[in-house]
**Q** 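Here it is: the structure, laid out below.
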Amino acid sequence: AQTVTQSQPEMSVQEAETVTLSCTYDTSESDYYLFWYKQPPSRQMILVIRQEAYKQQNATENRFSVNFQKAAKSFSLKISDSQLGDAAMYFCAYRSPAYSGNTPLVFGKGTRLSVIA
Amino acid sequence: GAVVSQHPSWVICKSGTSVKIECRSLDFQATTMFWYRQFPKQSLMLMATSNEGSKATYEQGVEKDKFLINHASLTLSTLTVTSAHPEDSSFYICSARGQGDTGELFFGEGSRLTVL
């Protein structure tokens, strides 16, 4: 079974600075999806960024980018120019390819990010 | 597009009663829905997978008689917590997979259940 590990329970960053959240995963599959979700106090799950394993290029979404190292099974999230609204719980998640069936998301334990004004 | 609506967003009930939570896909057909449970300050734990028109598949340790899941149509799945007890108090979130699965799953807003 696949597992996702987030080794940083809490992180903090100064407003306008850059922070990197770590995520590693374990899988024997060669094709899969990786995601970062943000969960603010409202607890709504918000997709931040996604990465397909077959793509070598790192995904970017505005201030959010990932460093995807497939061989190392590492998928870190970098938040640039941090804003107060970025404060939330961040979950790294893994999903097996859709063609393999009804595959759910497997989540890490999360990293709570605080942004200091 | 790809909106999932969950209702109610929060509910308080007495111990021993049953509570139903609905998860609807508003603008797409959800062939599969996943139900997660989240305790305070913890991650999301998969409870069960439901496919339209068939019985749900429960994760190990999840009581299928306690958490009844029905996926009667391509736009609606329900989770019924039967004979609820205080230890069932939690945050329940559904997510849906569309027919044209592109990898992403779509989440409802979640339902906070408090059992007194």
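Reminder, nothing fancy here: chain letters follow the sequence lines and each chain counts from 1.
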**Q** Can you give me the closest heavy-atom contact between K109(A) and S43(B), atom names plus distance?
**A** CA-CB, 3.8 Å

**Q** Is V13(A) linked to M89(A) within one hydrophobic cluster, defined over Ile, Leu, Val, Met, Phe, Trp and Tyr using a side-chain heavy-atom separation of less than 4.5 Å?
**A** no

**Q** Among E104(B), M45(B), R112(B), which residue has the highest count of heavy-atom pairs closer than 4.5 Å to chain A?
**A** E104(B)

**Q** Let me check something: do Y33(A) and F91(A) share a hydrophobic cluster, defined by ILVMFWY side-chain heavy atoms less than 4.5 Å apart, either directly or through other members?
**A** yes

**Q** Just checking H7(B): does its NE2 atom have more than 12 heavy atoms from other residues, nucleotides or ligands closer to it than 6.0 angstrom?
**A** no

**Q** Is it the backbone or the side chain of Q42(B) that comes under 4.5 Å from a heavy atom of chain A, or both, or neither?
**A** backbone

**Q** Measure L44(B) against the heavy atoms of chain A and call it side chain, backbone, both or neither at under 4.5 Å.
**A** both

**Q** Could you tell me if the side chain of R97(B) sits less than 4.5 Å from the side chain of R95(A), heavy atoms only?
**A** yes

**Q** Report whether Y58(B) and M33(B) are members of the same hydrophobic cluster (ILVMFWY, side-chain heavy atoms less than 4.5 Å apart, transitive linking).
**A** no

**Q** Taking atom CD of E87(B) as the centre, report whether more than 12 heavy atoms of other residues, nucleotides or ligands fall under 6.0 Å from it.
**A** yes

**Q** If we define contacts as heavy-atom pairs under 4.5 Å, which of I93(B), L46(B), N51(B) has the most with chain A?
**A** N51(B)

**Q** Between Q38(B) and chain A, which part of the residue has a heavy atom less than 4.5 Å away: side chain, backbone, both or neither?
**A** both

**Q** Is F35(A) in contact with chain B via its backbone, its side chain, both, or neither, using a 4.5 Å heavy-atom distance?
**A** side chain

**Q** In Å and rounded to the nearest 0.5 Å, what is the CG to OH distance from L105(B) to Y37(A)?
**A** 5.5 Å

**Q** Using distance alone, with no hydrogens and no angle criterion, decide if N102(A) and T49(B) have a side-chain donor and acceptor under 3.5 Å apart.
**A** no

**Q** Could you tell me which of P104(A), A93(A), G110(A) has the largest number of non-hydrogen atom pairs under 4.5 Å with chain B?
**A** P104(A)

**Q** Under 4.5 Å between any side-chain heavy atoms of Y36(B) and L105(A), yes or no?
**A** yes

**Q** How about K64(B): does its NZ atom have over 12 heavy atoms from other parts shown lying under 6.0 Å from it?
**A** no

**Q** Is K20(B) atom NZ crowded by more than 12 heavy atoms from other residues, nucleotides or ligands, each under 6.0 Å away?
**A** no

**Q** For the hydrophobic clusters of this structure (ILVMFWY residues joined by side-chain heavy atoms under 4.5 Å, transitively), does one cluster hold both W35(B) and L113(B)?
**A** yes

**Q** Rounded to the nearest 0.5 Å, what separation is found between the CD atom of Q39(A) and the CZ atom of F91(B)?
**A** 6.5 Å

**Q** Shared ILVMFWY cluster between I49(A) and V106(A), side chains joined below 4.5 angstrom?
**A** yes

**Q** Counting only non-hydrogen atoms closer than 4.5 Å, does R43(A) touch chain B with its backbone (N, CA, C, O), its side chain (CB onward), both, or neither?
**A** both

